[in-house]
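Remarks on the structure that follows.
All values derive from a computational prediction rather than experimental measurement.
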Amino acid sequence: MPLQRVVLWRHRIVRPWPAAVAAGSVVLGACGDNPVAPRSHTPHPPTYFVSAVSCTYTRGDSTIPCAQYASSQSRTLAGALAAVRRTAPEPVFAAAGARAPGHRGGTVVSRSVLLGEQGVNVRYIISNLQFVSPPLFTFDAAVQNLTTQPLGTADGRAPAPDSIEVFFAQTPLATQGTGTITTNAPDTGSFTATNQPFYRYPGLLPSNATTPTVNWQFNVPSGVQAFHFAVYITGQMPDTSAAALAIPAHAFDSLAIGLAHSCAVRPGNHEYCWGFNAYGALGIQATPPSPTPVGVLGNLAVQSVSAGNEFSCATAQTGAFCWGDNASGELGDGTVTDRGEPVQVTPPVGAFSQIVTGAEFSCGLAASTAYCWGDNYTGQLGNGGTTSHATPTAVAGSIPFVTLTAGAFHACGLTAGGAVYCWGANADGELGTGNTTSHSTPTQVNSSTIFASVAAGTNFTCALDVNGKAYCWGANTYGALGNGAVGGAVSSPTAVTGSPALTKLAAGGYHVCGITAAGGAYCWGSNSSGQLGINSTQDQSSPTAIPSFAFTAIAAGFAHTCALTSNGSTYCWGDNSSGQLGDGTLTQRLTPTAVALP
């Protein structure tokens, strides 16, 4: 059995890594330890919940530290409010503020505070904080639903008339200096008393969704140097145990797989991840693994997603974002600090349309130009050097690519004309250049074949031509090249044996899967954990069909595989030691098993 490549990275063991299959992006919210509760499918009785937040603003500092004041849940709104009022203030979080120059017109980044108890968490988000002249202090406020259930619903199906409300528990009071602070609410006019609703969200707020932002305005006299206020956030939980009640599952419409975790996007651009989470790869600020999908934090509008070794990335309407392990700068935020929730990638010229992720590096496309960042030990950033970069750096050659793929230590790009260029590690011929010389700049694959798609595995690469014929090159560990042999290496594209015409291809650790136009799935290569889905653990050196399923998309991890059906149902199989199959267990599966949808 060939020895696996094991790379020691500071305090981390980086195992040989499966290529990312898709790309993605995400949004943010810098905060401390996240008390997000594990997602649960336990029915909730109809209930109101209340969370309170206490904030203080000091003029000239341009910060607004906020803390949890108290929280409660009750079957009645009156009971919940009474419980909160009986609870003494207990600050559990303070948002660190970035100083803005001066106090006139200064704007700082978003602030947020996490509130609530198990199953009823919400997040209060403050953004666009400004102090302008005349003495007007403003910010935008929104509420994010971090529960497993939709908020603002009485029976789980219909919106409740009161929905989600945010209102003052304590009107603004001067804590330094003198003067009367007045407030303006865009929907209800000026505040004159406590408990007057400030904002009502009239409708269902799905799990992980965020309300529209509302501008809060405080007219602060010049004599006031600091002031304090507190608000309640109330929401109603659905009765999911009601007779004949059926809340439809949130089906996924795209997915990506990392070393031992999985991520997917459901309609409405909401992202979920599950599985390994030691460095924050799930984006929930916690680090224990999750055997079921959990919502990635942030006000997400995800367009595509990619999963790397122990980190994840996504593209969104507001930019590109990454989270998780950042030991080599693979998150692209200019640091090597791990992130428990999405942080924005330092943007290149233009917006990323795709991000792919390798072992400890990432690459993205912006206006057909490739950029890479993170570890560069084998030249996998493609910029002609071997120095790591914590922000995107342009791939050399200015080759216009239409799509990218990343393996463990190499990357490839496909042009509109069907040519494939690869760069990075090449000890096993994974660059397809006809030799085993590594290249730190894109080098064309040694083939005249016109390719339509490309997918990179740990130390091998596969591609489909315009007729759906599959080719692979690089290491043939466990039969990953699908040419009927096991072992050795091939440094130029070689045809996969006995494969039907495929429309999509996914390369993992040491296995490959593809699907036909009719949805038939075929896999080959390593099968020690059942990642081929054929109800055995025997490796296959040529394509073998997964019976009884029709898939529309497929993704391969190091030792597990996931796929989507036409109705959005998600199935995974293979290694499940970190819960990466998402079925609520840690049990290895030899055949496709349904993911427990949130």
message = Any heavy-atom pair between the side chains of P289 and F276 that's under 4.5 Å?
response = no
request  = Would you please say whether a donor-acceptor pair under 3.5 Å links the side chains of Q531 and D575?
outcome  = no
task = Examine distances only and state if a side-chain atom of T591 and a backbone atom of R589 form a donor-acceptor pair shorter than 3.5 Å.
result = no
Main-chain N/O of G509 paired to T458 side chain as donor or acceptor, under 3.5 Å = yes
message = Any heavy-atom pair between the side chains of I284 and N277 that's under 4.5 Å?
response = yes
task = Flag the pair W373 / F311 as yes when their ring centroid distance falls below 6.0 Å, and as no otherwise.
result = no
request  = Starting at OG1 of T561, measure out to CG of L532 and round the result to the nearest 0.5 Å.
outcome  = 7.0 Å
request  = Check whether any side-chain N or O of D375 sits under 3.5 Å from a backbone N or O of E360 as a donor-acceptor pair, and report yes or no.
outcome  = no
query = Under 3.5 Å, is there a donor-acceptor pair linking the side chains of E330 and T357?
reply = no
remark   = Rounding to 0.5 Å, atoms CG (N483) and CH2 (W473) come to a distance of 13.5 Å
ask   = Distance-only, no hydrogens or angles: does the N459 side chain make a donor-acceptor pair with backbone N or O of A427 under 3.5 Å?
value = no
query = So, the side chain of N476 versus the backbone of L481: is there a donor-acceptor pair under 3.5 Å, distance only?
reply = yes
query = Tell me, do S536 and N527 make a side-chain contact under 4.5 Å, heavy atoms counted?
reply = yes
inquiry  = Q540: which residues meet the side-chain hydrogen bond (donor to acceptor under 3.5 Å, both in side chains) condition with it, sequence neighbours left out?
reply    = T544
note = Between the CD atom in Q303 and the OG atom in S254, the distance rounded to the nearest 0.5 Å is 11.0 Å
ask   = Does the ring center of W573 lie less than 6.0 Å from the ring center of F551?
value = yes
query = Distance-only, no hydrogens or angles: does the S578 side chain make a donor-acceptor pair with backbone N or O of A260 under 3.5 Å?
reply = no
query = Is a donor on one side and an acceptor on the other found under 3.5 Å between the side chain of Q144 and the backbone of I125?
reply = no
query = How far does OH of Y377 sit from OG of S328, to the nearest 0.5 angstrom?
reply = 12.5 Å
request  = With the side chain counted from C-beta on, respond yes when L282 and S290 share a heavy-atom pair under 4.5 Å apart, and no when they do not.
outcome  = yes
query = Going by heavy atoms in the side chains, are V345 and F352 under 4.5 Å from each other?
reply = yes
ask   = For V496 and C472, which heavy atoms make the closest approach, and how far apart are they?
value = CG2-SG, 3.8 Å
task = Determine the interplanar angle of the F252 and Y272 rings, folded into 0 to 90°, and report it as parallel if under 30°, tilted if 30 to 60°, perpendicular if over 60°.
result = tilted
ask   = Counting N and O atoms only, with roles assigned by atom type, does the side chain of D583 sit under 3.5 Å from a partner on the main chain of A594, one being a donor and the other an acceptor?
value = no
query = Does the side chain of I534 reach to within under 4.5 Å of the side chain of C523, using non-hydrogen atoms?
reply = no
key: Euclidean distance, S526 OG relative to F558 CZ, rounded to 0.5 Å   = 7.5 Å
ask   = Parallel, tilted or perpendicular: which describes the rings of Y471 and F451, with under 30° parallel and over 60° perpendicular?
value = perpendicular
task = Please confirm whether the backbone N or O of N326 pairs with a side-chain atom of D338, one donor and one acceptor, at under 3.5 Å?
result = yes
inquiry  = With rounding to the nearest 0.5 angstrom, report the CZ to NE2 distance, F460 to H511.
reply    = 8.0 Å
message = Quick check against the 3.5 Å criterion: does T503 have a side-chain atom that pairs as donor or acceptor with the backbone of I515?
response = yes
Salt bridge (charged side-chain N to carboxylate O under 4.0 Å, His left out) partners of D539, counting only residues at least two apart = none
request  = Taking the side chain as every heavy atom from C-beta outward, state whether W274 and T292 have any pair of such atoms under 4.5 Å apart.
outcome  = no
